[in-house]
Structure formats: structure tokens, C-alpha cells
Amino acid sequence: MSGDLSLNINIKEPRWDQSTFMGRAQHFFFVTDPRNILKSSKTLEDARVTVENYRLGVVKPGLTEDELWRAKYVYDSAFHPDTGEKMVVVGRMSAQVPMNMTITGCMLTFYRTTPAVVFWQWVNQSFNAVVNYTNRSGDAALTTNQLAAAYVSATTGAVVTALGLKSLAKRLPAVMSRFVPFFAVAAANCINIPFMRQRELKYGIPVTDENGNRLGESVTAAKSGIIQVVVSRIGMAVPAMGNLTFSLTVFSPQRFPVLNAPVQVGLVGLCLVFATPLCCALFPQKSSMAVSSLEPDLQERIRQNSPHTTTVFFNKGL
């Protein structure tokens with residue numbers, strides 16, 4: 001049964017042109033909106049049913065185009081694009097602002113002892129590991145042992161690297177030491193993301209033609225996608241780290257001890273509200289690659305099974 005709404009709306013793709021930065025930014029402002037994590041299970045389920053039914057040609061009577069798109073973005077914010085499974089709440093990109101604000105506040109409050117610093121660094125990297133796994137590319141699940149190994153290696157490597165770089169601050173001039181936290185965050189991302197997505201680097205991720213027909217799995221595409229995600233995540237940290245430096249200068253513990261932590265946490269949140277969608281938009285989520293850039297055996301397979309295909313597409317993850 002179909003309603004009055006046209007069935008020609010392509011909700012498999014975002015509402016805005018993803019070939020432009022502004023189009024991608026508009027898309028991700030909706031997907032990463034922190035208010036999305038407040039949606040009830042019923043709201044999420046209703047959105048899923050609306051979207052999946054529409055794709056099957058079934059339209060709820062009275063459904064408008066704007067309501068369809070709202071359902072689409074609620075769905076996109078909570079369900080994995082490859083597996084269709086509901087993502088754990090803290091792993092969704094819409095949870096970046098509240099989670100990072102909370103963790104940052106704790107890191108700023110409990111920093112006086114080494115065990116406290118190590119603990120909150122571990123919490124931070126554990127959160128990053130959840131986000132990285134939740135927003136992976138592909139539809140192949142990890143076994144419990146694989147996931148545990150990936151988690152331990154990702155968090156341990158990232159924490160050790162971050163702590164090691166932060167220790168440099170004691171031996172650097174005051175001006176330079178303020179940039180050490182940023183480099184620690186950048187280095188931790190370079191370790192955490194590849195480790196949590198190591199299965200992709202070993203076995204590859206699905207690549208398709210322009211119509212979504214699966215052509216195989218590519219490690220080359222996985223490497224490209226992970227590099228893009230690392231760059232995006234480092235970009236998210238730039239404004240937050242810059243504002244933390246500013247707040248440490250203006251609201252120093254000596255001048256305004258009461259305001260120091262609240263101002264820093266507030267600035268982190270303000271930065272992330274904009275930095276999260278804008279940095280997600282640096283690269284299209286549905287990335288592309290020339291067939292000639294893929295592994296030789298996959299190139300040959302594609303030429304045999306789909307000779308007219310010159311470009312493949314893949315979900316790079318977030």
C-alpha cells in the first residue's frame with residue numbers, strides 16, 4: 001500500500017549534494033546533532049520502520065517528504081550504514097559532544113596524581129576505541145577474542161603514547177609545552193583507529209559499483225578510508241586544543257581558579273558542536289577509488305564480472 005508521497009525520493013543517499021563540502025556539512029550537522037542521543041527507543045524504531053518500509057515501496061498514509069527526511073536522519077544517527085544494527089549510544093557520533101565534555105571535565109578535575117592521569121587517559125582512549133569500532137566500515141563482525149585484542153592494543157598503545165608525549169611538556173619551553181596535548185591526541189588517534197579497525201586492514205572492506213552492487217573486498221580501500229578518518233579526528237581536536245590553550249592563558253588557575261575547569265569544558269563543548277560535523281565533512285562518507293588503484297587480483301575480478309566499471313565506492317567509516 002502506498003500513500004500520496006512519491007516513491008522517487010532517493011533516501012539511500014543524503015538529502016544534500018555530497019560532492020561539495022557544504023552539502024556534506026549540512027548532512028553531518030543533522031547526523032551528529034547531540035540531541036539525537038535523547039531519542040527514545042520507540043522513536044528510533046519508528047524511524048527505522050519508516051525508512052525501511054519506504055525503501056520497499058510502502059508509505060505510511062499522510063507521510064510528508066520532510067517527515068521522511070527527519071526519519072532518515074534519526075535513522076542515520078543511530079544505525080550502522082553497512083550492518084543496519086543499532087549502534088551503542090556512546091559510540092554514535094551524536095554522543096561526541098556530551099561524552100568528550102564529560103571526560104574532559106574529569107581529566108581537568110582529577111589530574112594531580114599519576115594514577116588519576118593514567119585512569120582518565122584510559123577512560124578517554126576506551127571511549128575512542130568504542131567510537132572507532134562502532135563507526136567502522138564493512139559488515140563483518142569481529143569475534144570476542146579479536147575485539148578484545150584490538151581493544152587492549154588500541155587503548156594501551158594510545159595511552160602510553162599520550163602519556164609519553166605529555167611528559168615532554170616538563171622539558172619544553174612553556175609556549176611549546178602547550179601544544180603537547182594536541183600532538184598527544186593526534187598520535188593517540190593514529191594508533192587507536194587503525195588498531196580498532198585492524199580487521200579491515202587485514203581482510204579489506206566491501207567495494208561496490210555506482211548502483212551498490214558488491215564487487216569484492218579491498219585492503220587498499222580500507223587504508224584510504226582509515227587515513228581519511230584519522231585526518232578528520234585530528235581536525236576535530238584542533239579547535240578544542242586551541243581554545244584550551246586560550247582558556248589556560250586567560251582563565252589561569254592562579255587568576256580564576258573557580259572558572260578554570262568550567263570554562264575549559266564549556267569551550268570544548270562549543271568547539272565540538274561545530275568541529276564534529278565540519279571535520280566529518282572533510283571527506284565523503286561514501287568514498288570512491290579508481291579500479292586501477294585496487295589490488296591486482298580484485299582489478300581482474302572486477303574486469304571479468306563488471307567490465308564497464310571504472311570506479312568503485314565504499315563506506316570509509318567515521
Side-chain angles (χ1 to χ4, degrees), residues 12-14 18-21 24 27-28 76 79-85 87 91 93 128-154 157-158 186-235 279-318:
K12 291 183 179 180
E13 301 294 336
Q18 297 299 284
S19 66
T20 68
F21 175 76
R24 296 193 295 272
H27 167 70
F28 282 112
D76 284 350
F79 293 87
H80 193 276
D82 291 331
T83 65
E85 66 184 13
M87 297 183 286
M93 293 307 291
N128 288 336
V130 172
V131 173
N132 295 334
Y133 176 72
T134 302
N135 294 279
R136 67 196 183 280
S137 176
D139 51 10
L142 291 176
T143 66
T144 302
N145 288 340
Q146 289 172 329
L147 184 58
Y151 167 75
V152 171
S153 55
N189 274 315
C190 292
I191 293 171
N192 197 312
I193 295 172
F195 269 116
M196 286 308 298
R197 296 177 59 177
Q198 58 186 268
R199 188 190 187 286
E200 300 171 34
L201 295 173
K202 185 175 182 179
Y203 299 106
I205 58 176
V207 294
T208 68
D209 61 18
E210 60 182 0
N211 297 316
N213 299 311
R214 192 161 177 163
L215 302 172
E217 288 73 37
S218 170
V219 171
T220 302
K223 291 177 181 177
S224 174
I226 288 174
I227 290 171
Q228 291 176 32
V229 171
V230 168
V231 172
S232 295
R233 295 290 185 82
I234 292 174
C279 289
C280 284
L282 290 175
F283 307 98
Q285 184 168 0
K286 184 179 179 180
S287 293
S288 61
M289 178 177 288
V291 171
S292 58
S293 299
L294 299 173
E295 299 90 321
D297 60 329
L298 182 55
Q299 289 184 43
E300 184 60 31
R301 204 182 326 152
I302 292 174
R303 291 193 183 101
Q304 290 178 1
N305 300 328
S306 184
H308 301 296
T309 299
T310 58
T311 303
V312 296
F313 301 86
F314 56 93
N315 169 30
K316 71 174 178 62
L318 292 174

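This is a predicted model, so every value here is computed, not measured. Values reported hereafter were calculated over all heavy atoms of this structure, with side chains retained and with hydrogens, waters and symmetry mates removed.
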Minimum heavy-atom separation for [X] to [Y], with atom names?
X: C279; Y: G235; answer: SG-C, 3.3 Å
X: L215; Y: L298; answer: O-CD1, 3.8 Å
X: G204; Y: E217; answer: C-CB, 4.2 Å
X: C190; Y: I234; answer: SG-CD1, 4.1 Å
X: F195; Y: A154; answer: CB-CB, 3.6 Å
X: P284; Y: S287; answer: O-OG, 3.0 Å

Just wondering, do [Y] and [X] contact through their side chains at under 4.5 Å, heavy atoms?
X: I226; Y: L201; value: yes
X: Q198; Y: S153; value: yes
X: F28; Y: L318; value: yes
X: F283; Y: V231; value: yes

Okay, side chain of [X], backbone of [Y]: is any donor-acceptor separation there less than 3.5 Å?
X: T309; Y: T311; result: no
X: S293; Y: M289; result: no
X: N132; Y: N128; result: yes
X: D209; Y: N211; result: yes
X: R214; Y: T208; result: no

Within a reach of under 6.0 Å around [atom1] of [X], are more than 12 heavy atoms found that belong to other residues, nucleotides or ligands?
X: F21; atom1: CZ; value: yes
X: K286; atom1: NZ; value: yes
X: E85; atom1: CD; value: yes

> Yes or no on side-chain contact (heavy atoms from CB on, under 4.5 Å) for V229 and R197, after CA distance, side-chain angles and deciding distance?
Replying inline: CA-CA 11 Å; V229 171; R197 296 177 59 177; 3.5 Å; yes
Is there a donor-acceptor contact under 3.5 Å linking the side chains of [X] and [Y]?
X: E295; Y: Q299; answer: no
X: S224; Y: Q228; answer: yes
X: R233; Y: N192; answer: no

> Got a second to check how far I302's CD1 is from H308's NE2, nearest 0.5 Å?
Replying inline: 14.0 Å
> Going through the distances and angles, do L294 and V312 end up as a side-chain contact (heavy atoms from CB on, under 4.5 Å)?
Replying inline: CA-CA 9 Å; L294 299 173; V312 296; 3.8 Å; yes
> Just one of R136, M87, M93 clears the side chain to side chain contact (heavy atoms under 4.5 Å, CB included) bar with V131, so which one?
Replying inline: M93
> Looking at P14, C280, P81, S137, which one forms a side chain to side chain contact (heavy atoms under 4.5 Å, CB included) with Q285?
Replying inline: P81
> Going through the checks in order, is the side-chain contact (heavy atoms from CB on, under 4.5 Å) test met by H27 and D76?
Replying inline: CA-CA 10 Å; H27 167 70; D76 284 350; 4.1 Å; yes
